[in-house]
Participant: 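First the structure, which I've put down as structure tokens, then a few questions once you've had a look.
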Amino acid sequence: MQTHRLKSWVESANEPASDFPIQNLPFGVFRRKGAKEAPRGGVAIGDQILDLAAVGLKTGANLNKLAAAGRPGWRQLRQVLLLALSDKTKAKRFSRSLVPMNKAELFLPVAIGDYSDFFTGIHHALAAGRMFRPDNPLLPNYKWVPIGYHGRASSVVVSGTPVVRPNGQTKAPEAAAPTLGPSRRLDYEVELGFVIGPGNRLGQPVSIKHALDHVFGVVLLNDWSARDIQAWESQPLGPFLAKSFATTVSPWIVTLEALAPFRCPAFPRIGEDPRPLPHLTDEADQRKGGYAIGTEMYLQSAQMRARKVAPARLSRCSFRDAYWTPAQIVAHQTSNGCNLQPGDLLGSGTLSGTEPGSAGSLLELTQGGKAPLQLPGGETRAFIADGDELIQRGRCEAEGVVAIGFGEASGIVRPAP
Ligand code: CA
């Protein structure tokens with residue numbers, strides 16, 4: 001079905017500023033606020049949620065089964081939903097199954113078994129590398145291997161969940177020994193998360209040609225990071241407690257079907273950049289394996305909230321700045337035979353750009369805390385303060401097609417225990 005001219009009988013979905021026009025149809029898990037009912041699957045349409053039970057789909061409290069159904073099942077469901085939500089003669093029947101979003105509580109959309117985080121933002125890798133190795137910011141493997149580490153799935157939380165400032169071991173350069181205490185360099189990282197659909201069998205790599213068949217959709221992802229804990233613990237095995245205290249994701253999984261109009265070429269290899277190895281190379285992936293997804297981070301301090309000052313935008317990033325495509329990271333992660341499972345989450349890494357204001361973390365924006373940012377109202381921030389709310393948003397826009405959005409991934413920072 002050609003969808004770019006389609007409108008919904010849910011009027012709020014037709015407003016140009018809506019994140020959830022009928023062209024989007026992202027999936028989430030919800031229940032009515034205060035109701036004694038089980039969380040269940042829904043699809044966002046304008047400012048409403050349609051209960052998936054209305055089209056005969058009983059999901060239970062997570063969307064893992066739907067994720068496992070694979071592309072033919074997702075396409076079929078999308079056709080059913082497009083018809084149900086566009087055909088005015090069906091409005092009476094389906095409007096009974098709508099719940100206003102502001103009266104709904106949203107949950108993690110999938111039960112996440114495993115979470116890996118990559119490092120595909122090359123401008124972030126360069127900026128972070130320059131702080132430690134000014135002459136040699138990128139390590140020699142960067143342009144060959146989609147670098148990543150295994151994160152912690154148990155502390156991935158849905159938007160709106162407060163984030164408790166972590167305690168941890170830190171050591172000032174001049175100190176003789178480390179101390180345990182609240183992180184003083186709490187940061188965010190603007191990322192996207194790819195939600196895995198059907199998995200692969202242990203020992204059977206996914207070929208890059210079929211890699212996207214294993215991706216159900218995309219969420220916003222804030223990889224909260226304690227820079228002082230990270231600096232002391234990361235050698236030699238990489239991030240551990242500096243990252244595992246919380247990772248915030250948005251509640252709506254935007255499908256690759258909805259993102260199809262926003263595909264773009266893979267990050268170009270120019271000059272002496274090595275061409276990826278054959279298992280990471282596919283003609284179609286090179287031509288249109290990227291996604292032009294814009295994502296921004298806003299901060300509203302407790303003082304701004306009290307004075308009703310709107311959140312200030314700190315970062316404006318795009319997945320265009322990722323060196324590796326989603327297909328390449330899936331092919332890479334399974335190339336050793338490691339099995340992915342429905343609901344697994346793969347983070348993109350911080351998506352910094354090259355323009356002013358496009359760095360995706362405070363580490364970069366404030367030059368490691370040396371150049372604090374000015375907030376509206378006169379406060380300054382080198383790193384995140386208690387009471388600050390960080391709000392990530394995302395949107396795709398292109399000529400001639402209806403824009404779609406991701407909603408929000410937000411969290412307020414609470415003091416350390
Ligand atoms: Ca990260």
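When a residue number appears, it is its place in the shown sequence, counting from 1. First listed ligand is number 1; within each ligand, the first listed atom is number 1.
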Participant: How would you list all residue pairs meeting salt bridge (charged side-chain N to carboxylate O under 4.0 Å, His left out) that involve residues 372-385, not counting sequence neighbours?
Facilitator: Glu379-Arg381, Arg381-Asp388
Participant: Test your reading of the model: is there a side-chain donor-acceptor pair from Ser18 to the backbone of Glu15, 3.5 Å cut-off?
Facilitator: no
Participant: Holding to side-chain hydrogen bond (donor to acceptor under 3.5 Å, both in side chains), I want the full list of residues that pass it with Arg32, two or more places apart in sequence or in another chain.
Facilitator: Glu37
Participant: Would you confirm whether Arg305, through its side chain, and Gly387, through its main-chain N or O, come within 3.5 Å as a donor-acceptor pair?
Facilitator: yes
Participant: Under 3.0 Å from the Ca ion (ligand 1), how many protein N/O/S atoms can be counted?
Facilitator: 4
Participant: Between Trp324 and Phe267, does the ring centre distance come in under 6.0 Å?
Facilitator: no
Participant: Taking salt bridge (charged side-chain N to carboxylate O under 4.0 Å, His left out) as the cut-off, I'd like each qualifying pair that reaches into residues 211-226, sequence neighbours left out, listed once.
Facilitator: Arg71-Asp213, Asp223-Lys243
